[in-house]
Amino acid sequence: MTRVIIYSGKGGTGKTTISAATAALLAQSGRRTLVLSSDPAHSLADALGVAVSRDRPTTIAPGLYALEVDTIYEWRHNLGGFQQFVASTYSSRGIDRSTAAELANQPGLDEILALQRVMSEAQSGRWDAIVLDTAPTGNTLRLLAYPEMIIGGDAGKKFFRVYRGLANFARPFKRDLPDDRFFDEVGGLLERMEQLANFLLSPDISLRLVLNPEKLPLLETRRAYTFLNLYGMMVDAVMVNKILPQREDLGPYFDYWVSLQRDYLEDIEHSFAPTPIFRTVLQGGEPIGLPALSSVGQSTFGLADPGAMLFDERPIWLEQWNDEGQPGQYDLCLKLPFMDEEQTMDLTRSGPDLTLTVGRIQRTIALPRILYNCTMGDHRYEDNVLRLEFREGVELNDDDSQVNATDEFRVEAA
Ligand SMILES: Nc1ncnc2c1ncn2[C@@H]1O[C@H](COP(=O)(O)OP(=O)(O)OP(=O)(O)O)[C@@H](O)[C@H]1O
Ligand SMILES: [Mg+2]
């Protein structure tokens, strides 16, 4: 099977650089490697310092190939009829053709098409490894959830079939119903999206989050980490890039920045343990071209194999308990291997974040959205897993459970 590594993160954190650096190391270790970019604003070629084809993989070095997925081509090729139908529906409502064509490009769909390209490259058997450089976090995360959202499970597919039947029946009477090409394409897309959902959860695929030691990337990455873990994607590493070097000659102007970064680096360790964290120092210049990228890769991974599954546990998951018609009841489960059975634990819930403190160890995680309006209940610690009960709605019988901005708890370990 082909090993697929997806790099995701906020804009400008270094996804393209780290993707290209990883691919360079993989190729140097003898693996036939494709680095592929799904961001419509491609910069893979800029990082590699050579032109990259949007059509077929370009040879960069022995065993190393690159491709910038052309989403316009993928759209035309896969969804031309769909696009035409949506555009003509808009333009029949008086929206001009160019605007209608833009509107027909549903956000997220072009990334799904790019991911489908990754899937077909992975299934082609041509590659030992594929590294995917994605667009900034928001979109990529949404698209990971998309396959299930659009299909809406079996009910959604049934609905689509019924609609298709109805449209076949009604078309002679009503001119602006979609034609067969539309249904074939959407039907095909739905099927491939279902495959994609399974593909993304297969054991050879993992995602790595790239961030910088700064506040906003940290907050966003924490949310992404929770989302991805709950969704079931394997996050096998967190990559911290653009760390200022610890050097005396940086001068006093940088003292503030160095110490700020030190605090965020500590925060990052608290947020993503036990997932391994890799660090990349801010280089003396922009790492453009293969030699510079390889050297960034080597200093980032050290002795670790960048192609390995660097971590394969799920540190966070959610279990749902409610009976039909009852308010939601959930167990948020956290893997906490470091906890001593005798130790007490402090839990502080502050808005969307939850901080656990056990002795000197602290861990902050972003709560899943569904728990934002839930009240925290009991807790259990068994087999290295902390289970926190959450219940939808606010309980009226207990004063301190009313708090939802900041809750504090102290748990005696079992
Ligand atoms: N460790 C580093 N040291 C020095 N410069 C770096 C480092 N990492 C990245 N850069 C530079 O920072 C800029 C942004 O990096 P890059 O393009 O890899 O980020 P990105 O996350 O892919 O951005 P986008 O979200 O726009 O796709 C580039 O000019 C790159 O050369
Ligand atoms: Mg990029």
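Ligands are counted one by one from 1 in listed order, and the atoms in each one are counted from 1 as well. What's counted below: heavy atoms across the whole structure, side chains too, no hydrogens, waters or symmetry copies.
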Practice problem: Any atoms of ligand 1 less than 4.0 Å from a non-hydrogen atom of L282? List them with their elements. | Solution: 3 (N), 4 (C)

Quiz item: Hey, does D46 sit under 4.0 Å from ligand 1 if you only count heavy atoms?
Solution: no

Quiz item: In the protein, which heavy atom is nearest to atom 18 (O) of ligand 1, and how far is it?
Solution: T17 OG1, 2.5 Å

Practice problem: Answer yes or no for T16: is there an N/O/S atom below the 2.8 Å cut-off from the Mg ion (ligand 2)? | Solution: yes

Practice problem: Considering heavy atoms of the protein only, find what lies nearest to atom 28 (C) of ligand 1 and give residue, atom and distance to 0.1 Å. | Solution: E286 OE2, 4.0 Å

Self-check item: Protein residue, atom and distance nearest to atom 17 (O) of ligand 1, heavy-atom basis
Solution: T16 CB, 4.0 Å

Exercise. Just need the protein heavy atom nearest to atom 27 (O) of ligand 1, so name the residue and atom and give the distance.
Key: D39 OD2, 3.7 Å

Quiz item: Any N or O on T280 sitting closer than 3.5 Å to an N or O of ligand 1?
Solution: no

Quiz item: Judged by non-hydrogen atoms, does G9 sit under 4.0 Å from ligand 1?
Solution: no

Quiz item: Which of the atoms in ligand 1, numbered in the order shown and given with their element, are less than 4.0 Å from a heavy-atom of G11?
Solution: 25 (O)

Quiz item: Is it true that the side chains of R126 and T2 contain a donor and an acceptor less than 3.5 Å apart?
Solution: no

Quiz item: What's the spacing between Q246 CD and R262 CZ if we round to 0.5 Å?
Solution: 5.5 Å

Quiz item: For ligand 1, which atoms sit closer than 4.0 Å to a heavy atom of G285?
Solution: 4 (C)

Practice problem: Quick one: look at V210 and ligand 1, take heavy-atom pairs under 4.0 Å, and tell me if it's side chain, backbone, both or neither. | Solution: neither

Quiz item: To which protein heavy atom is atom 23 (O) of ligand 1 closest, and what is the distance rounded to 0.1 Å?
Solution: G12 N, 3.1 Å

Exercise. Might you work through the side chain to side chain contact (heavy atoms under 4.5 Å, CB included) test for E392 and C374, ending with a clear yes or no?
Key: CA-CA 4 Å; E392 258 168 27; C374 289; 3.8 Å; yes

Quiz item: Below 3.5 angstrom, do we get any N/O pair linking G14 and ligand 1?
Solution: yes

Exercise. Give the C-alpha distance, both sets of side-chain angles, the deciding distance and a yes or no for side chain to side chain contact (heavy atoms under 4.5 Å, CB included) between F278 and I18.
Key: CA-CA 11 Å; F278 290 84; I18 306 277; over 6 Å; no

Self-check item: Atom pair CD (Q261) and CD1 (I268), whose distance is rounded to the nearest 0.5 Å
Solution: 8.5 Å

Quiz item: What about Q283: any of its N or O atoms under 3.5 Å from an N or O on ligand 1?
Solution: yes

Quiz item: Which residue owns the protein heavy atom closest to atom 6 (C) of ligand 1, what's the atom, and how far is it?
Solution: P287 CD, 3.5 Å

Quiz item: How close do L293 and T17 get, heavy atom to heavy atom, and via which atoms?
Solution: CD2-O, 3.7 Å

Quiz item: Given K15, K242, H42, which one has a non-hydrogen atom that is nearest to atom 12 (O) of ligand 1?
Solution: K242

Quiz item: Is there a side-chain contact between Q28 and Q298 (heavy atoms, below 4.5 Å)?
Solution: yes

Quiz item: Could E269 and R279 be called an ion pair, given the rule that one side-chain N must be under 4.0 Å from one carboxylate O?
Solution: yes

Quiz item: Is R3 paired with D305 through a side-chain N to carboxylate O contact shorter than 4.0 Å?
Solution: no

Self-check item: From L347, T348, T364, residue fulfilling side-chain contact (heavy atoms from CB on, under 4.5 Å) relative to L356
Solution: L347

Practice problem: Looking only at protein heavy atoms, identify the closest one to atom 8 (N) of ligand 1 and say how far it is in Å. | Solution: N241 ND2, 2.9 Å

Practice problem: Rounded to the nearest 0.5 Å, what's the gap from OG1 on T13 to OH on Y7? Could you check? | Solution: 12.0 Å

